[in-house]
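Quick note: residue numbers are just sequence positions, from 1.
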Amino acid sequence: MTSEPCDACGRSVRIAGGIGDFWSFSAESTGGMTLELDDGGEFFLCHDCIARLPDDRVVTSADVKSL
């Protein structure tokens, strides 16, 4: 199993796939994703932090940093 910290909350997030899952045949999904924003920001966020982002406008790096 591979993990990476969420750039907003710091929680360790599981990343599915890779060599770690090859031997265990784990079927768990990834707990987050990398977002590439229009302002040039790139962040790996857990699903909980993604859900806290505004959905009524374009998300900016400032929005992520305010989490």
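- Salt-bridge check for Asp7 with Lys65: failed, with every basic side-chain N at 4.0 Å or more from each acidic carboxylate O.
- Cys6 is listed as a side-chain neighbour of Val13, based on a closest heavy-atom distance under 4.5 Å.
- Checked by atom type and distance alone, the side chain of His47 never pairs as donor or acceptor with a backbone atom of Met33 at under 3.5 Å.
- Proximity of Pro5 to Ser12: side-chain heavy atoms (C-beta onward) are nowhere separated by under 4.5 Å.
- At a threshold of 4.5 Å between non-hydrogen side-chain atoms, the residues Leu35 and Glu42 do not count as touching.
- Side-chain contact, Asp63 with Ser66: no donor N or O sits under 3.5 Å from an acceptor N or O.
- Placement of Leu53 and Leu37 within a single hydrophobic cluster is found when ILVMFWY residues are connected by side-chain heavy-atom separations under 4.5 Å, directly or transitively.
- In this structure, a donor-acceptor pair under 3.5 Å is present between the side chains of Asp39 and Ser61.
- Linking Ile, Leu, Val, Met, Phe, Trp and Tyr residues whenever their side-chain heavy atoms come within less than 4.5 Å places Ile50 and Leu67 in a single cluster.
- Using modelled atom types, no side-chain atom of Arg11 and backbone atom of Cys46 make a donor-acceptor pair closer than 3.5 Å.
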